[in-house]
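Remember, predicted model here, so these are calculated numbers, not experimental data.
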Amino acid sequence: MSPDRQSLQTTALQVLRSIAPELEPDDIEPARPLRNQVDLDSMDWLNFLIGLHQRLGVNIPEADYAKLVTLDNVLDYLQAKLGAD
Amino acid sequence: MIEFKLPSLGADMEEGKLLQWHVQPGDTVKRGQVVAVVDTSKAAVDVEIWQDGAIHELRVQPGETVPVGTVLAVLREPGEAVTAAPLVQKGAPAAAPAAVSAAVAPAIPAISRTAAVTRPAVSPSARRRAKELGIDAEALPGSGAQGAVTLADVEAAAAQRSAGAAAPAAVDRQQAMRRAIAAAMSRSKREIPHYYLSETIPMAKALAWLQQRNEGVPITERILPAVLQLKAVALALKRVPQLNGFYRDGAFQLAAEVHAGVAIALRGGGLVAPALHDVGTKPLAQLMRELADLVQRARAGSLRSSEMSDPTITITNLGDQGVASVFGVIYPPQVALVGFGSVAVRPWVQDGEVRALPLLTASLAADHRVTDGHQGALFLAELRELLQQPERLAAAADTTKENA
């Protein structure tokens with residue numbers, strides 16, 4: 001059963017907002033690099049992934065970081081990991 | 001009797017506003033215990049008391065702004081008998097208007113000051129969230145016990161605010177922080193003759209070691225490269241201890257431990273560099289946990305007084321922003337600042353051949369009254385070598401002290 005992309009997006013944005021409270025959900029363009037739209041340092045990024053892990057149970061190894069440039073990349077990745085179960 | 005005075009929580013601090021007492025006359029206190037919350041231009045700081053005793057009298061009331069050095073409370077030492085009748089606590093502070101002297105004190109809406117002496121209690125989690133959101137927690141209606149402001153109250157206020165104008169308290173704090181930073185940095189450049197050195201550091205070994213280590217642990221235990229950098233600086237300082245300490249009243253004072261001031265950029269602007277204590281002796285995993293906690297509290301505006309006053313050297317890492325190197329401004333009374341730029345794959349000669357390798361530029365800004373370029377160079381060379389041997393950085397609790 002494939003997870004609903006919309007609910008994944010909502011979750012991802014909620015986690016992002018807990019790290020960057022100044023963010024409005026509509027601010028993020030899913031196809032543009034996240035780092036260009038939100039001020040995230042390496043600690044923030046790690047906290048973002050920890051948040052996703054806690055909410056969705058998905059572990060994202062460091063080797064996969066390079067794939068996750070845009071929000072769409074993140075959602076595609078999450079769907080693949082969750083759908084494959 | 002001992003006088004407990006308002007400590008200086010940074011070179012740029014001249015006064016602070018007492019927000020809240022956590023103790024009252026009669027309470028026993030222990031060294032290191034947080035006894036009050038004081039607002040500075042940068043954060044609401046949890047002030048720790050430095051010795052054991054019993055509170056005899058509180059001299060400053062919540063809402064009052066006082067200069068650094070003002071006696072906040074009087075304590076009885078352990079074993080000291082109570083003489084005669086205890087002094088009555090300073091009388092009903094009928095709306096004690098905070099002495100708004102210098103422009104440094106952030107403006108708080110008058111409505112909350114005319115409230116009773118006991119300021120509306122705000123739960124710690126509510127205070128943190130309010131700071132994150134730029135909301136003045138004390139001005140909110142409280143739904144908790146005895147009118148206390150809870151996390152739910154803060155979230156409700158945030159939801160109502162939505163796209164409205166930025167809370168005035170947040171803007172005032174921003175301005176106050178900028179002024180504080182301006183004062184400290186101007187003083188630094190006026191008084192400290194800076195010299196600057198930089199060194200390119202190959203990072204392949206360190207990053208490979210880190211990736212392998214991180215693969216084997218849960219995500220919550222991953223260590224960031226920044227932690228390796230902090231540890232490497234602390235160990236490199238054993239070679240040149242004169243970069244770790246304070247210059248005051250015309251003399252340099254070596255610090256026994258390395259308490260690294262970690263430069264943390266605050267969302268929306270501003271900078272603090274609170275101390276991560278004993279970087280040289282703690283294991284990497286502990287440093288990572290403490291760094292994460294420090295960053296979170298710095299951004300929530302909730303730091304401890306020892307974190308504000310204890311840094312013996314400052315470390316700044318702008319690598320995440322993609323800059324190649326950073327030449328910083330030393331934060332007085334410290335005498336050095338180490339900067340780390342981004343890791344980038346660049347051409348490098350290894351074993352007589354040109355290769356594409358991950359490299360980083362580390363820089364040192366140092367006080368020429370205390371050290372010369374030669375010593376600075378020895379430090380950077382040692383830093384470079386340490387980052388080629390990540391296993392040395394990982395060796396748990398390093399207890400050897402080789403300070404001259």
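Residues A:V58 and A:L52 have side chains not in contact (no heavy-atom distance under 4.5 Å, counting atoms from C-beta outward). The shortest side-chain heavy-atom distance between B:V338 and B:Q229 does not fall under the 4.5 Å cut-off. Annotation: side chain of A:S42 is in contact with side chain of B:L224 (closest heavy-atom distance under 4.5 Å).
Using a 4.5 Å cut-off between heavy atoms, A:E22 contacts chain B through its side chain alone, with no backbone atom that close. Contact annotation for A:D41: both backbone and side-chain heavy atoms come within less than 4.5 Å of a heavy atom of chain B. Residue contact with chain A, scored on non-hydrogen atoms closer than 4.5 Å, involves the backbone and the side chain of B:R222 alike. Both the backbone and the side chain of B:I219 come within contact range of chain A, each with at least one heavy atom under 4.5 Å from a heavy atom of that chain. Proximity to chain A is limited to the side chain of B:Q321, based on heavy atoms less than 4.5 angstrom apart. Residue B:E215: no heavy atom, backbone or side chain, is found under 4.5 Å from chain A.
Salt bridge absent: A:R35 and A:D44 never bring a charged side-chain N and a carboxylate O closer than 4.0 Å.
Residue B:F340 is tested with B:L318, B:T361, B:I315, B:V323 for a side-chain contact (heavy atoms from CB on, under 4.5 Å); the sole match is B:I315.
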